[in-house]
Every structure is written in structure tokens, then in C-alpha cells.
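By convention here, the first residue in the shown sequence is residue 1.
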Amino acid sequence: MTSLPSSVDVAIIGAGAAGLGAANALKNSGLSVLVLEARDRVGGRAHTIMASPDVTFDVGCGWLHSADENSFVKIAEQLGFEINRSLPPWRERAHGKAFPQEDRDDFIRALNAFYDRAEQAAAEAEKSGRDAAASLYLEAGNRWNPMIDAISTYVNGCELDQVSILDMDAYEDTDINWRVRRGYGALVAAYGATCQVALNCAVTLIDHAGKRVRIETSQGTLIADKVIVTVPTNLIADEAIRFHPPLPAKVDAARGLPLGLADKVTLALDEPEALPVEGNLRGATMRTAMGTYHIRPFGQPCIEGFFGGRYAQSLEDAGDGALAVASIDEIVSFLGNDFRRKLKPLAESRWAHDPFARGSYSHALPGHAGDRAVLAAPVDGRLFFAGEATSPEFFTTAHGARDSGERAAEEVTASQIKY
């Protein structure tokens, strides 16, 4: 789009999965719709790149979580994207001697016992109305506690001391996880290909004081009857986008739902035949600051590393390339020094330093599980809110974001009806 129109019926802020979900849902509504996106691409935290001519890398989301209930599965089929339905390698497969089977079995028992205690604690918290940090339900002195915390950094983007037990229990996981061969980010981009989007258009102010809403952007001012806000919570919490009159309840809710951090790196692998396709590599490291590694995803000549929480933040803060250095050092400690010459950095994410994300996905702080509903609630029949953080049960996921955009679009349509 070369220039902004002066006015539209509905402005959608953010062209991630939520914004594109809303835009697609409004296509046949008879309303004029425009998506405003600060980046030079659509997709938001879903982004696929060719890290090398033979390595496709999802810089953001990569798994179709709860695939049997994931709305992107049907979209992938409609758009001709091949879905890989083979089992994920998280628990089932382990490569090498870094995490012996006996230790793995013991760890899984401790992890399952923690989840059982957490589920019981959430049921009690539901009755009493007293939320608590999930870390309180670790077994005192259990040697696996640091690794259970590491799992939380991958799942929640943060350690368990920052996770609401009620929110953790609200998440729905069917344990079916599939992948998109061409990349989840590529699928989301294709889903948005027919939407009207203004790129490089950062929104700074949403002025809803008048009869119509005035939106100030880096490309000028736009007037809209309705606005759907789909930006990550950290942008609302930091007031990177301001509301006039102020919306303190929204800002407070966003601050109760900060984005945790999960970062990824991909390393080119020389002589890949020496390692198994779709292998899993993790050490019995007994510490939370650890990576987990996916060997040769889709048979590609690479290893993907995954880091979360405070450790991921410290690696990002160390500068470009720090994730790759940490990955190579840890992989070499597992597989032997011969692998140092076989690994070469290709690409990595740095979501905390992305100015339009400022993190990866949301978690509710202890005492703030109810903030998802507060953030999702419409304001004055003119401002609507979507995004993964507003999903009651599929937060942290791209399909949760997409579905929330569709829900916000339905709210917009319903607000048009005059009784």
C-alpha cells in the first residue's frame, strides 16, 4: 500500500496471527478493513526464513500445538501446505549418552509428579480464589527441580516462580504436535496474503475521545469507526502505543501478562549422516540455564537449539551470536570436541530485542490469571482486543492468537447490529 486512506470502517493493529485472523474473518462483512503493521512483513512472531539453501528455519513458532484442535491445520490443507504428523522428539527420543535412560526415566517421573501436584493445587486455588506461583509445588530438595524449571522456560518463556498456577492449569494441551514442512511462519504469511495491510506503519496513539477513533501512525493519521488491537502485551504495558483517554485497566492487565522469552538458533551440520534424523539432544545438566536441541529436523543438515527464560535473556543481552556460541559449546560437551568443526552458526532469534515484540509469548504472573479476560474485553463497542495473551486456553500459541482475532471480528460485527 503506497499511502494510508483517510478513513476505514475497521483498523486492525498488528499483522500477526491475531490480526490476520480478524482481517480474514471480516472479508465478507461489507466493512472496509485495513491492517496496520509496524514491520516490513506480515506474521509477527511467526516468521520463516531460509537460513541456508537447504535449511528452512522457523525463527518464531514452529509447532502446530494441539494439532487436533488447531485451526491452522485446516488452513494449511486449504493452502496446500504439507503437514508433518510424525511425533515430536521431546520425550520419546534421546541421542547419545548425555542423558542416560535411567536418568531420563527418573526425570520424567519427577516431572509428572510435579504436574500432578500443580493440577491439584490449581483445583484448590480455584475453590479458594488464592492463586500462587507454580514454583511452590516443586518437591523440596528434588535433584531434578532445576531441569523442571528449564522445561518451564521452554513452555512458558519463564521460570516457575513467575507462573500463575491457575493460568498454567487453564492451558489446554492435547499432546498432539505437528509441523509445517515449509514453515509455520510461511503458512501464516500465506494466510495473510490477500489481506489489506499497510506495512512499515507503526501505531503510536489510539485516540478514542471523539465519535470516531483517531489513530496516529508513522505514516500519518487514520480515522476508523472500530479498532482491533492485537499487539503483544509488552507494547501495551510499556505504553509504546498510548490510549487517549487512558485505559489503565488494559495497561495493568498487560503488565500482569508479560511476554516470557524463548529463543531459537540453527546451526549448519557438516557430515550430518553421523547423527539421527529428528533426534533429541539434552544433557542431565542439573541446572536451569540449559539448551535443548533438535537434531536434523525434517532431515535437514542442521541442529536447532532452544533456550528460554532468564538464560535466554542473558544470551540475548550478550549480543548477536551468543546463542550460537552457547549452543556449540553445549553440544560439543555432549558429543565430543570433534563436533566443534562440524557446526556453523546460520541464524538465531532475539525476540526480547525485537522492538515490535519485546518477548516471545505471554504468561500470567501469580495472582493475574484473570487478566486474560480483562485484556480481551471490548471498550465502548469501538475498541476490541485480540492476541495470544487474550486466549483463555490456547495462549502462547499461533492458533490461539488466530482464533482470538476471529473472536474480536465477531464482536465487531455484533456491535454493528442496531436493535
Side-chain angles (χ1 to χ4, degrees), residues 39 44-52 55-63 95-96 98-99 146-147 149-159 161-162 183 185 232 234 238 258-270 275 279-297 300-361 363 396:
R39 292 185 176 88
R45 288 167 278 169
H47 184 36
T48 304
I49 64 169
M50 292 304 298
S52 74
V55 174
T56 302
F57 178 48
D58 266 317
V59 184
C61 54
W63 291 91
H95 176 72
F99 203 166
M147 281 191 70
D149 224 7
I151 297 295
S152 175
T153 70
Y154 310 144
V155 173
N156 301 302
C158 64
E159 289 75 4
D161 63 336
Q162 296 177 282
N234 284 4
D238 296 344
L259 297 195
L261 187 57
D263 275 321
K264 297 162 76 174
V265 63
T266 185
L267 309 168
L269 175 63
D270 196 24
L275 293 177
N280 182 248
L281 180 63
R282 183 187 298 163
T285 54
M286 305 303 179
R287 65 177 187 268
T288 302
M290 59 175 282
T292 185
Y293 303 94
H294 189 167
I295 302 170
R296 299 181 63 195
Q300 298 179 128
C302 66
I303 297 179
E304 276 188 13
F306 201 80
F307 304 84
R310 296 178 181 113
Y311 184 42
Q313 185 70 58
S314 70
L315 291 173
E316 275 204 33
D317 291 345
D320 283 332
L323 272 85
V325 170
S327 297
I328 292 170
D329 285 347
E330 195 166 29
I331 292 167
V332 166
S333 77
F334 298 152
L335 300 181
N337 206 49
D338 186 47
F339 272 87
R340 191 170 294 279
R341 65 174 180 81
K342 297 181 181 179
L343 297 168
K344 184 180 76 173
L346 289 176
E348 63 186 31
S349 66
R350 301 184 76 234
W351 288 110
H353 283 76
D354 181 317
F356 306 121
R358 306 188 187 188
S360 299
Y361 34 72
H363 59 278
T396 76

- Can you tell me if Arg45 uses its side chain to pair, donor with acceptor, with the backbone of Gly60 under 3.5 Å? no
- Message: Once rounded to the nearest 0.5 Å, what's the spacing between atom CG of Asp58 and atom CD of Glu304?
- Response: 7.5 Å
- Heavy atoms only: give me the nearest Pro258-Asn234 pair and the separation to one decimal. CA-OD1, 3.6 Å
- Rounded to the nearest 0.5 Å, the OH atom of Tyr154 sits from the CE atom of Met290 at a distance of 4.0 Å
- Query: side chain to side chain contact (heavy atoms under 4.5 Å, CB included) with Asp161: which residues, sequence neighbours excluded?
  - Reply: Ser135, Glu159, Arg310
- Item | Any Leu275 side-chain heavy atom under 4.5 Å of Leu269 side chain | yes
- Query: How many angstroms lie between atom CG of Leu267 and atom CD1 of Ile303, to the nearest 0.5 angstrom?
  - Reply: 6.5 Å
- Item | Distance, nearest 0.5 Å, that separates CZ of Arg350 from CG of Asp354 | 10.5 Å
- Listed partners of Arg340 passing side chain to side chain contact (heavy atoms under 4.5 Å, CB included), at least two apart: Ile328, Asp329, Val332, Asn337
- Would you list the pairs meeting ring-ring contact (aromatic ring centres under 6.0 Å, His included) in which at least one residue belongs to residues 311-357, sequence neighbours left out? Phe307-Tyr311
- Item | Smallest separation among heavy atoms of Val155 and Tyr361, with atom names | O-CE1, 3.4 Å
- Message: Any heavy-atom pair between the side chains of Leu259 and Arg358 that's under 4.5 Å?
- Response: no
- Item | His95 NE2 to Leu281 CG distance, which is reported to the nearest 0.5 Å | 7.0 Å
- Taking every non-hydrogen atom, the tightest pair across Val265 and Ser327: CG1-OG, 3.1 Å
- Spell out, as yes or no, whether a donor-acceptor pair under 3.5 Å connects the side chain of Asp149 to the backbone of Thr288. no
- Heavy-atom side-chain contact between Thr396 and Asn156 under 4.5 Å: no
- Message: Tell me the closest heavy-atom pair linking Pro232 and Ala357, and the distance in Å.
- Response: CB-O, 3.8 Å
- Query: Is it true that a side-chain atom of Gln313 and a backbone atom of Leu261 form a donor plus acceptor pair closer than 3.5 Å?
  - Reply: no
- Query: With a 4.5 Å heavy-atom cut-off, do Val59 and Thr48 have their side chains touching?
  - Reply: no
- Message: Restricting to salt bridge (Lys or Arg N to Asp or Glu O under 4.0 Å), what partner residues turn up for Arg296, sequence neighbours left out?
- Response: none
- Task: Identify the heavy atoms of Phe99 and Met147 that sit nearest to each other, and give their distance.
- Result: CE1-CE, 3.5 Å
- Message: Please check: side-chain N/O of Glu348 versus main-chain N/O of Gly321, any donor-acceptor pairing under 3.5 Å?
- Response: yes
- Return each pair, listed once, that meets side-chain hydrogen bond (donor to acceptor under 3.5 Å, both in side chains) where at least one residue sits in residues 258-267; pairs must be two or more places apart or across chains. Asp263-Ser349
- Taken to the nearest 0.5 Å, the spacing of Ile295 CD1 from Leu335 CG works out to 6.5 Å
- Query: Partners of Ala268 by side chain to side chain contact (heavy atoms under 4.5 Å, CB included), sequence neighbours excluded?
  - Reply: Lys344, Leu346
